[in-house]
Amino acid sequence: ADAGGDNNPQNPQVKKLLKEHIDLLIISPNEAEPLTPIVDEVFQKGIPVIVTDRKTSSGLYNAYVGSDNYDIGHLAGKYIGQQLNKRGNIAIITGLPGSSASIEREKGFKAALKGFPAIQLKEELNGQWLINVAFTSVLNHIEALRNTDAIFAFNDQMALGARKALLKILPNNNVKIIGVD
């Protein structure tokens, strides 16, 4: 089943799969909190659960297949700190606020920034993992981003959207944009 990046259909889809007596559930929760109760229910029924890409908030699953998102954020923070010679103004473009990947990348990134006290996180934008949302968000916050030295986008699509927006409004900018994935 495909929820098309929308929380609302995921719960009913899993309930339908349960009625079909599945032997295994492999799921990528769009956001952690909304899917936790149904995934927990599947797990508690003794049906193996493999969570991919993004986690639920309870940890009730048999296996997680995906990235160490905290480490990704931490490495990006260290990289930006070094690229900016330990000083400057930065912004981040997060994914969906409730997705474990976004939450963990942000925690790792902010932890790394503690090692660079002269770097200031000036702006936090929500790009919802989407190129067009990041593009629009950057356009809507262009004044706040005008004196930004670097932007960390939590995926490469949002990084591309940010780059396109900056080039449209500030064609000669020197903002470093770092995207992952």
Side-chain angles (χ1 to χ4, degrees), residues 1-80 90-114 121 123-138 140-141 151-162 178-181:
D2 184 352
D6 185 352
N7 291 327
N8 294 328
Q10 277 193 304
N11 275 314
Q13 287 171 339
V14 174
K15 287 177 183 175
K16 182 178 180 238
L17 291 170
L18 274 173
K19 289 178 184 174
E20 295 173 5
H21 306 290
I22 58 172
D23 297 312
L24 166 70
L25 176 66
I26 301 173
I27 187 168
S28 179
N30 190 48
E31 290 185 274
E33 288 298 324
L35 270 293
T36 296
I38 190 67
V39 172
D40 287 359
E41 180 183 333
V42 173
F43 180 83
Q44 290 166 344
K45 288 180 184 268
I47 299 169
V49 176
I50 299 173
V51 178
T52 66
D53 190 39
R54 300 173 187 166
K55 301 173 186 172
T56 61
S57 57
S58 73
L60 292 181
Y61 44 81
N62 299 86
Y64 168 69
V65 179
S67 302
D68 182 337
N69 287 296
Y70 180 90
D71 197 39
I72 288 170
H74 198 269
L75 288 170
K78 287 172 50 179
Y79 178 77
I80 287 175
I90 60 172
I92 59 174
I93 303 175
T94 65
L96 288 167
S99 71
S100 62
S102 189
I103 292 166
E104 292 170 8
R105 287 178 190 190
E106 186 171 352
K107 284 180 183 175
F109 186 74
K110 287 180 176 178
L113 289 184
K114 289 179 183 174
L121 178 57
E123 196 70 27
E124 296 184 36
L125 309 177
N126 180 346
Q128 299 177 19
W129 302 116
L130 302 171
I131 188 172
N132 60 331
V133 176
F135 177 86
T136 302
S137 189
V138 169
N140 290 338
H141 294 89
I151 296 173
F152 171 41
F154 286 15
N155 75 7
D156 53 357
Q157 291 298 303
M158 293 187 301
L160 183 58
I178 292 83
V180 294
D181 285 348

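In terms of the salt bridge (Lys or Arg N to Asp or Glu O under 4.0 Å) criterion, Asp53 has no residue partners (sequence neighbours excluded). With sequence neighbours excluded, the residues satisfying side chain to side chain contact (heavy atoms under 4.5 Å, CB included) with Asn132 are Leu130. Residues forming a salt bridge (Lys or Arg N to Asp or Glu O under 4.0 Å) with Glu31 (at least two apart in sequence, or on another chain): none. When the side chain to side chain donor-acceptor pair (under 3.5 Å) test is applied to Ser99, the partners found at least two apart in sequence or on another chain are Trp129. Qualifying salt bridge (Lys or Arg N to Asp or Glu O under 4.0 Å) partners for Glu124, counting only residues two or more places apart in sequence or in other chains: Lys110. The side chain to side chain contact (heavy atoms under 4.5 Å, CB included) check on Asn140 picks up Thr136, with sequence neighbours excluded. Checked against side chain to side chain contact (heavy atoms under 4.5 Å, CB included), Lys107 has the following partners two or more places apart in sequence or in another chain: Tyr70, Ile103. Residues passing the side chain to side chain donor-acceptor pair (under 3.5 Å) test with Thr36, sequence neighbours excluded: Ser57. Shown here are the ring-ring contact (aromatic ring centres under 6.0 Å, His included) partners of Phe109, two or more places apart in sequence or in another chain: Phe152. Scored by the side chain to side chain contact (heavy atoms under 4.5 Å, CB included) test, Asn62 finds Phe43, Pro48, Val49 as partners (sequence neighbours excluded).
Listed by first then second residue, pairs satisfying salt bridge (Lys or Arg N to Asp or Glu O under 4.0 Å) with a partner in residues 66-78 number zero, not counting sequence neighbours. Applying the side chain to side chain donor-acceptor pair (under 3.5 Å) test to every pair with at least one member in residues 38-48, sequence neighbours left out, gives these pairs: Asp40-Ser58.
Heavy-atom neighbours of Tyr79 OH from other residues, nucleotides or ligands within 6.0 Å: at or below the threshold of 12.
Proximity of a side-chain donor or acceptor of Arg54 to a complementary backbone N or O of Asn30 within less than 3.5 Å is detected. Judged purely by atom type and a 3.5 angstrom limit, Gln10 uses its side chain to pair as donor or acceptor with the backbone of Ser28.
For the pair Ser100 and Lys55, the tightest heavy-atom approach, listed with the atom from each and the gap, is OG-N, 2.6 Å.
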